[in-house]
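Chain identifiers are assigned alphabetically (A, B, ...) following the order of the sequence lines, protein sequences preceding nucleic acid strands; residue numbering begins at 1 within each chain. Hydrogens, waters and symmetry mates are skipped; everything else that's a heavy atom, side chains included, is used. All figures in this text were calculated on a predicted structure; none of them were measured in a lab.
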Protein chains: 2
Amino acid sequence: MSHNPRRQFLTQSAALAATPLLASFAGKAFADDPARKLGVALVGLGSLATNQIAPALQKTRNCRLAAIVTGTPSKAETWKKQYGIPDKNIYDYKTMNRMADNKDIDIVYVVTPNALHLEYALAAAAAGKHVFCEKPMEISVERCQQMIDGVKKAGRMLGVGYRCQFDPNHLECVRLAKEKVLGELKVIDANFGFAMGDPTQWRLKRDLAGGGCLMDVGIYCLQTARMLTGEEPVWFSATETKTDPVKFKEVEETILWQAKFPSGVVVSSVSTYNANGLAGFRAATQRGWFGLEPAYFYGGNRGKRSDGPDINFPVADQFATELEDFADCILNKRQSKVSGEMGLADVKYLMTIYDSVKKGRPVTL
Amino acid sequence: MSHNPRRQFLTQSAALAATPLLASFAGKAFADDPARKLGVALVGLGSLATNQIAPALQKTRNCRLAAIVTGTPSKAETWKKQYGIPDKNIYDYKTMNRMADNKDIDIVYVVTPNALHLEYALAAAAAGKHVFCEKPMEISVERCQQMIDGVKKAGRMLGVGYRCQFDPNHLECVRLAKEKVLGELKVIDANFGFAMGDPTQWRLKRDLAGGGCLMDVGIYCLQTARMLTGEEPVWFSATETKTDPVKFKEVEETILWQAKFPSGVVVSSVSTYNANGLAGFRAATQRGWFGLEPAYFYGGNRGKRSDGPDINFPVADQFATELEDFADCILNKRQSKVSGEMGLADVKYLMTIYDSVKKGRPVTL
C-alpha cells in the first residue's frame, strides 16, 4: 500500500498526522496502553455484531468498541447501556460523515448486509477512518474495486473479515499443505451450509445480499481452497438446485461448485441454505489426508490428519484475533493479509461460479 | 425373475431339475449340511479374488470355493494346494464350457477385468451356472443387457458384487435416511479415491477397464446415493482432470461429478486415482447429518450421526455376506437385491457422467 498507515491511524488530517508527536503512538508501546487502544465503530448491529463482534471487542488488546452506527434507536439505547458508549459516538447511517470530527474512532467495521458495504466503507474512508469490511466484500467486482479505490484515495487501510485466516487450525492445515507433510495436495472437498430459518431475513433478498448461500457460506470453502493451494483457480464449474422456490424466490438455495487450480488440485464444494451438517473440509494428498470438522464455526474448529494427532489448537476468539491483527497492521504500517484485493478476488470467483450456473458449463478464468 | 432358481441351482438340465428328489436340497436344511454347500468357481485370480474372496469363501455357511478359472498355471498350482481344489475343478478361460458337466459348481463368480465380465458370465450361464459378477457389471449398457439376457435365457440367477449393500453400517445409514430420523435427506457428499500405484495394471487399460477411477471407485459413491435416496437420478454434471497424462493415458485420473434426485437431494462426489484419503460419505439433512468414514473399505467401515452414538456395527466379511446372500437367493428362489438390473442402471449412470464430461454440460436422463 502506498500510504503510510502509522502516521494516519489516529488522525483525520494528513497535516496533523505528520507531526512527530504521533510517532510514539505506534507499535507495541501504544498497544499496551489501554487508553490508547484504537477505537472501532461497528456499522450494522445485527446478530453478528451483537453476538460475536461486540463481545470480541471486549477482549482485544489494541482496539476497543468505541462507537456504533445503527438505524434503530432502541438498539442504540441497548448498546449504549451495555457497552458504555457515549452519545457522541452513536451514529445513524445518515450521520456517518460526522465521524470525521470524532477522534475516538480509528476503524469502521462494516457489518451491514452485503450490498451496503460499499456505501458505508466509502463514508468511513471519507471521514478519515480505516475500514474493516465483513465478507463477502460486496456484491460485484466493480463495487469491490470502488471500495478499494475509495479507501486508497482516502489514504486509509482496508481489511476484509476473513476470520478463518486467523484460526490456528486453518493455519496448521495451510502449513501441512505448503510443506507437503503428507505429500502433494491433490483434492479438496469443502462444504458449508445450514438450514435457513427466518424467511424474512436480508440474506434472502437479492438487493441486499447479492446472492444466496454461495455469497454467505460458499465463500468459506473458496477461501479454504485458495489458502491451502496458495494459488488462484483456473476454472469453475457449478450447478444450482432449489427445493423451496418460495423461501428462495430471490437467491439460490444450493450451489454445487468445482474448481481446478494450476498445480492440478481440484476442489469439490457444496454451498447450501437447505441442510445442516456441512461445515468442514478434507484435503486429500499423495499419502493421506488432513482436514477440519467443523472448519467454519465461530469457535471449536478442529481436525484430524491421517498420519498424526488431532489438529486441535486452542481457538482464540476469531473476531478478536482478526481485529487485533488489523489494528496491528495500522499501528505497524503492515499490509493486512485479508486485503481488499483478496476480497475482490473472491467476489470475482463467486461471480464466475454464478456465470457457470447461468451458462450451464465450466467457465475458465 | 421368471425362472425357478430352486429347481435349477444344482443341475445343468431342466429335466433332471424337475425331479421331486431335488426339492429337499433347497432351503435351510440344505445350507446346514456342509457337504451340500453351493460350489463357487472363481474366474480371475487377481488380488481381489486372492486376498478377499477366496478367504471369504472359507467362512461361508451355504457356499464354498469349489473351482477356479485362471490363465496362469502357477496360480492354479498355488490355489490347488492352498484350498485343496481337485484338478477336475481347475479351468482355464478356454475350457469353461466344460463346467456344464461339473456338478461341484453352482455359482460362477466373475472377478476378471471389467470388459471380460460378459464373456465369462455368458460362458458360465451357457454351462448352466448361476452368475455372480464383480462391479462395475460391464463397460457398456449394451453389454450389461447382454449379460442379463444371456443369464436369463439360461434360466440362471445373476447378481452383482455390491458388497456395501451387505454392510450393516451402510444399511443403518439407509434406515436413517428412509425413516427421516434426522429429518429429510438433503445433500450427499460422497468421495472415493486412492493414489494409483502400479502403472501396468489392467485398471489403466481402456480396453480392459472401460474407464478409470469412475468405473472403479466412483461407482461406490453412486451406489451410496441410490441407496440413501431410494431414487433414480434426474441429471448428472461432471468434469474430468488429469495431472499425469502418461500413467493415465487411456483412462481418467479424476472425475468430479454431481447429481440431482427427484426429491431434490443433490450429490457431490469426487472419484480419483490421484489421491489417498477419500473414502467416505456424509448425508446432510434438515436437522443434522450422518455418514460413514471410512465407508468403502473391505472392513472397518464406521460412522457417526449428529444426534446420537457412533454408527459402528460389527462388519462381517462383506464378500462372505454377499455370497451367502446370493446362495440363499438361489436356495430360496429369492430375487437378489444386487440384481443385474441394478448393475446395468449403475453403468448407465456412469456412462451419463462420461457423457457430461464429453459434452461439457449437465446431462438430464
A:Phe248 vs A:Tyr273 aromatic rings, parallel, tilted or perpendicular, using cut-offs 30° and 60°? parallel
Please determine whether salt bridge (charged side-chain N to carboxylate O under 4.0 Å, His left out) holds for the pair A:Arg305 and A:Asp307, giving the CA-CA distance in whole Å, both sets of side-chain angles, and the decisive distance to 0.1 Å. CA-CA 6 Å; A:Arg305 47 190 278 192; A:Asp307 68 334; 2.7 Å; yes
With a 4.5 angstrom heavy-atom cut-off, could you sort out which part of B:Ser306 is near chain A: side chain, backbone, both or neither? neither
State whether A:Glu232 and A:Arg226 are salt-bridged, where the test is any N-O pair (Lys NZ or Arg NE/NH1/NH2 against Asp/Glu carboxylate O) under 4.0 Å. yes
Under 4.5 Å, counting heavy-atom pairs only, tell me which of B:Lys359, B:Arg282, B:Lys260, B:Gln286 racks up the most with chain A. B:Arg282
Greatest number of heavy atom pairs closer than 4.5 Å to chain A - which of B:Val267, B:Thr241, B:Asp189: B:Asp189
Mark yes or no for whether B:Lys178, through its side chain, and B:Cys173, through its backbone, hold a donor-acceptor pair below 3.5 Å. no
Which bit of B:Arg287 comes within less than 4.5 Å of chain A, counting heavy atoms only: side chain, backbone, both or neither? backbone
Any chance the side chains of A:Tyr296 and A:Arg163 put a donor and an acceptor closer than 3.5 Å? no
Yes or no on side chain to side chain donor-acceptor pair (under 3.5 Å) for A:Glu184 and A:Thr285, after CA distance, side-chain angles and deciding distance? CA-CA 5 Å; A:Glu184 279 184 16; A:Thr285 70; over 6 Å; no
Most heavy-atom pairs under 4.5 Å with chain A, out of B:Ala284, B:Ser356, B:Gly264, belong to B:Ala284
If we define contacts as heavy-atom pairs under 4.5 Å, which of B:Thr254, B:Val266, B:Leu185, B:Thr272 has the most with chain A? B:Val266
Among the listed options A:Gly291, A:Ala195, A:Ser268, the residue most often paired with chain B at heavy-atom distances under 4.5 Å: A:Ser268
Quick one: what part of B:Glu293 sits under 4.5 Å from any heavy atom of chain A, side chain, backbone, both or neither? side chain
As an exercise: rank B:Val187, B:Asn274, B:Thr243 by heavy-atom pairs under 4.5 Å with chain A and give me the winner. B:Asn274
Step by step, would you call B:Asn301 with B:Asp167 a side chain to side chain donor-acceptor pair (under 3.5 Å)? CA-CA 8 Å; B:Asn301 297 331; B:Asp167 182 319; 2.9 Å; yes
